[in-house]
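Only one structure is covered here, and it is reproduced in the block below.
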Amino acid sequence: MLSVTNLEVVYNRIARVLNGVSLTVGEGETVALLGPNGAGKSTLLRVITGLLGIHDGAITKGRMTLGGQDLLGMKPEAIVRAGVVQVMEGRRIFVDLSVEDNLLAGAHSRSDNVGPALQEVYDQFPRLAERRRQLAGYLSGGEQQMLAISRAMLAQPKLLLLDEPSLGLSPLMTQEVGKLVRNIQQRGISILLVEQNAAMALNLASRGYVLESGRVVLDGASQSLLEDSDFKEFYLGQGHGSAGGARNFREVKHYRRRRRWLS
């Protein structure tokens, strides 16, 4: 499915943000992309979606393919037609449009009858059906996230990019997002999940990559990462005197000892 090989990216011809990043997402696989703020996660998503140029970024090295098709140099709309769809951080719904118009916006590239797919969304989320004629800006944060993901699904993605889907949500709504991701997985859709909540992401994904300072510093099966002592300390806040309990990356600000992978 998605293959990124030795990718290097600079901004404004000076600042190198990605330095030799390689990762893969298999057919029907969910892969977590983890790392602190400033690690390069958003830059990688911009490369995948073709939006790097509008942020004054440039690819200086590397290759990226989707199902063998070269994506580098393709326009964003062509990448969407190839099957790559992103749910951006902060949801980015059209707040001045109705719930239904938001959903139809996601289906603009389809040539078939969108009615059955729209009804499927309403069956899954009765709250969206109840408010289909209301402005999307009046939905709660959790409802907006469900709308954003549902809108992306109406674009019939082969690869779905989820950028911080639990950001700003209550624990209950975070669980609902997890259930929705599980539902998408059952349809055989590949997912690249960027998430600050490491425990949630790895419980949904089969594999994970840890990105720091523009490099992949750790990768492996989700269970092996969850059991790794350094990963637990630096990214889950567990071990070495910690009181325990999973934390997200934003809460990890001080390191008690040097990471093994930086030695």
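Only a predicted model underlies this, so the values are computations on that prediction, with no experimental measurement involved. For the numbers below, each heavy atom of this structure counts, side chains included, while hydrogens, waters and symmetry mates do not.
- No more than 12 heavy atoms of other residues, nucleotides or ligands sit less than 6.0 Å from atom CZ of Arg63.
- Note: the hydrophobic cluster containing Val99 also contains Met173 (ILVMFWY, side chain heavy atoms under 4.5 Å, direct or indirect links).
- There is a side-chain donor-acceptor pair under 3.5 Å between Glu29 and Ser206.
- Dense packing is recorded around OH of Tyr11, with more than 12 heavy atoms of other residues, nucleotides or ligands lying under 6.0 Å away.
- Partner of Met64 under the side-chain contact (heavy atoms from CB on, under 4.5 Å) criterion, out of Ile59, Ile48, Leu7: Ile48 alone.
- Using a distance-only test at 3.5 Å, with no hydrogens or angles considered, no donor-acceptor pair links the side chain of Gln86 to the main chain of Leu161.
- Linking Ile, Leu, Val, Met, Phe, Trp and Tyr whenever their side-chain heavy atoms come within less than 4.5 Å puts Leu204 and Leu162 in one cluster.
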(request) Please report the C-alpha distance between Arg131 and Glu143 in whole Å, then the side-chain angles of each, then the deciding distance to 0.1 Å, and finally whether the salt bridge (Lys or Arg N to Asp or Glu O under 4.0 Å) criterion is met. (result) CA-CA 10 Å; Arg131 308 187 69 177; Glu143 291 167 342; 3.4 Å; yes

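- Taking every heavy atom of both residues into account, Ile93 and Ala148 meet most closely at CG2-CB, 4.1 Å.
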(request) Give the intermediate values and the outcome of salt bridge (Lys or Arg N to Asp or Glu O under 4.0 Å) for residues Arg187 and Glu120. (result) CA-CA 13 Å; Arg187 303 185 190 189; Glu120 184 178 352; 3.1 Å; yes

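- Annotation for Asp163 and Ser42: closest pair OD2-OG, 4.5 Å, computed over non-hydrogen atoms.
- At distances below 3.5 Å, at least one donor-acceptor pair connects side-chain atoms of Ser190 with backbone N or O atoms of Gly26.
- Smallest separation of non-hydrogen atoms from Gly214 and Val21: O-CG2, 3.3 Å.
- Under the 3.5 Å distance criterion, the side-chain polar atoms of Asn12 are left unmatched by any main-chain donor or acceptor of Ile14.
- Between the side chains of Glu195 and Ser166, at least one donor N or O lies within less than 3.5 Å of an accepting N or O.
- A donor-acceptor contact closer than 3.5 angstrom is absent between the side chains of Asn197 and Glu164.
- Of the possible polar contacts, one joining the Asn102 side chain to the Phe94 backbone as a donor-acceptor pair under 3.5 Å is found.
- Checked options Arg127, Arg132, Arg133; the residue passing with Glu130 is Arg127 (criterion: side-chain hydrogen bond (donor to acceptor under 3.5 Å, both in side chains)).
- When all heavy atoms of Leu139 and Gln144 are compared, the closest pair comes out as O-NE2, 3.1 Å.
- For the side-chain contact (heavy atoms from CB on, under 4.5 Å) with Val25, the lone residue among Leu160, Leu193, Leu2 that qualifies is Leu2.
- Hydrophobic clustering keeps Leu159 apart from Val87 (ILVMFWY residues linked when any side-chain heavy atoms are closer than 4.5 Å, directly or through intermediates).
- The backbone N or O of Pro36 sits less than 3.5 Å from a side-chain atom of Lys41, completing a donor-acceptor pair.
- In terms of modelled atom types and a separation under 3.5 Å, the side chain of Ser222 and the main chain of Ala205 share a donor-acceptor contact.
- Across Arg207 and Thr24, no two heavy atoms sit closer than the pair NH2-O, 2.7 Å.
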